[in-house]
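Please read the structure below before turning to the comments.
When a ligand or atom number is given, it counts from 1 through the structure's own listing order. Bear in mind that the values here come from a model prediction, so they are computed numbers and not experimental data. Basis for what follows: all heavy atoms, side chains included, without hydrogens, waters or symmetry-related copies.
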Amino acid sequence: MQFHLPTAVLYIPDGLEPGEALRRTTHMAISAHQDDIEIMAAAPVLECFQQDGRWFTGVVVTDGAGSPRDDLYARFSDEEMRRVRAKEQRKAAFVGEYAAQVLLDYPSRVIKDPADRHLVEDLAALLQIAHPQHVYTHNLADKHDTHVAVALRVIEAIRSLPPAERPQTLYGCEVWRDLDWMVDDGKVAFDLTAHENLQAALLGVFDSQICGGKRYDLATMGRRRAHATYFESHGVDQTQGLSYAMDLTPLIQDPPKPIQPFVRDLIEAFACDVTNRIQRVGP
Ligand SMILES: [Zn+2]
C-alpha cells in the first residue's frame with residue numbers, strides 16, 4: 001500500500017501481511033487527529049472487538065506536530081510531539097485490537113486546502129482495498145475546521161468510487177460539539193454500555209493530550225453517560241452510555257444529496273422542534 005507521503009505509516013497490531021490485514025476490514029473510522037477515533041468511534045471498535053468476521057481499521061490523517069503540550073511534554077519539539085502522538089495512536093490500536101491503523105501524516109494546512117487532492121486520493125485508495133461496510137468520520141456541524149475538512153474529504157473520496165464499491169453507511173460522529181441538538185428521529189444513537197473498562201483504556205493511552213491539561217478521558221466517558229441519561233425524559237435509563245452520530249449516508253448514495261442543504265435541513269429540523277414546543281405549551 002503506497003500513500004502519497006513517504007512518512008505515512010500502516011501499523012498492524014497482529015503483524016498480518018498489509019493487504020490481508022486491510023482486506024479483512026468491515027468497519028473503518030477516519031479522523032483528523034490522534035485520539036479522535038477513540039473519542040468519537042468507540043461503537044465500531046467495540047462492535048469488532050473479539051468478533052469473528054468483524055474488523056476495525058483506524059485512519060488518522062494529520063501528523064500531530066502542532067498539538068498543544070504541557071507537563072511532561074512541555075519541552076517537546078514539534079517533531080518529538082509528532083512521534084509521541086503517533087506512538088499513542090499505535091498503543092490504542094493494539095489495545096483495541098484494530099485490524100490496522102493508518103497514519104497518513106499530513107500537516108493540518110494540507111487537509112484544509114480544498115485544492116489539494118492528495119488526501120482524497122489516499123483515502124479513495126484505502127477504501128478500495130479495505131472495502132469497509134461502515135465508515136465513521138467527523139460530523140459536519142463540528143466546530144473544528146480540520147474535523148469538518150476531513151469529513152468533506154471522506155465524502156469526496158467515497159463519491160469518487162463506483163456506487164457498487166462504496167460503503168453501505170457513513171456516520172458523522174461527535175468530538176468538538178456533540179449532537180444532542182439533533183432531533184431524536186434524525187440522529188443515530190450507539191449503545192456504549194458494554195466494556196467501559198476498554199473504552200477508558202482506549203482514551204487513557206493519549207497521555208500527551210490529557211497530561212497537557214485536557215481531561216478528554218473523563219469528559220468523553222461523562223458525555224456518554226450524560227447522553228444515556230438525558231436521551232429520554234420519561235422512563236429509566238435504557239443504557240449506561242450513548243454516543244450520537246449524524247447519518248451522512250444520503251451524501252454518498254447515487255445520486256448524492258448536496259452537502260450544504262443536507263446540513264441546513266438538520267438544523268432547520270432542530271429549529272422547528274424548539275419553536276413548535278414553545279407554541280405548544282406557550283400562552
Ligand atoms: Zn481532533
Side-chain angles (χ1 to χ4, degrees), residues 5 8-9 11 28-45 56-70 73 76 78 81-93 96 98 101-114 116 119-120 122-123 126 135-157 170-180 190 199-200 202-224 243-246 248:
L5 292 182
V9 169
Y11 168 63
M28 177 183 279
I30 304 171
S31 77
H33 306 105
Q34 297 77 3
D35 77 3
D36 284 335
I37 288 175
E38 290 67 26
I39 292 171
M40 72 179 187
V45 172
F56 176 84
T57 287
V59 182
V60 173
V61 308
T62 66
D63 59 13
S67 308
R69 62 209 71 176
D70 201 356
Y73 311 89
F76 275 39
D78 279 1
M81 213 54 206
R82 175 178 159 269
R83 281 204 296 271
V84 160
R85 299 218 62 191
K87 186 163 76 178
E88 288 172 346
Q89 188 61 57
R90 290 197 301 273
K91 286 184 196 174
Y98 300 176
Q101 174 64 55
V102 181
L103 294 150
L104 290 175
D105 208 36
Y106 285 102
S108 287
R109 64 183 150 72
V110 173
I111 310 304
K112 288 184 278 191
D113 177 3
D116 193 302
L119 174 59
V120 173
D122 276 349
L123 292 177
L126 250 176
V135 174
Y136 305 75
T137 188
H138 298 282
N139 81 76
L140 291 168
D142 193 287
K143 62 179 174 183
H144 194 306
D145 283 6
T146 314
H147 288 190
V148 174
V150 168
L152 294 172
R153 307 298 171 259
V154 170
I155 292 166
E156 211 176 333
L170 176 65
Y171 297 113
C173 310
E174 306 169 295
V175 182
W176 289 105
R177 185 177 283 146
D178 71 34
L179 294 172
D180 183 64
F190 295 114
Q199 297 178 46
L202 287 165
L203 292 161
V205 300
F206 295 94
D207 187 63
S208 72
Q209 298 307 289
I210 293 167
C211 178
K214 298 283 273 180
R215 292 306 305 264
Y216 293 113
D217 53 341
L218 300 181
T220 303
M221 294 305 286
R223 173 149 77 188
R224 291 170 189 170
S243 69
Y244 297 142
M246 192 179 268
L248 303 178

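- A centroid separation of less than 6.0 Å is found between the aromatic rings of H33 and H144.
- A side-chain donor-acceptor contact under 3.5 Å links Y106 and D122.
- In summary, the side chains of Y244 and N139 do not present any donor paired with an acceptor at a separation below 3.5 Å, with no hydrogens or angles considered.
- Counting only distance, with no hydrogens or angles, the side chain of R85 and the backbone of Q34 share a donor-acceptor pair below 3.5 Å.
- Side-chain atoms of F206 and Q89, non-hydrogen and from C-beta on, do get closer than 4.5 Å to each other.
- Within the sub-2.8 Å shell of the Zn ion (ligand 1), the protein contributes these N/O/S atoms: H33 ND1, D36 OD1, D36 OD2, H147 NE2.
- Aromatic ring pairs are classed by plane angle as parallel below 30°, tilted from 30° to 60° and perpendicular above 60°; the pair Y171 and F190 is perpendicular.
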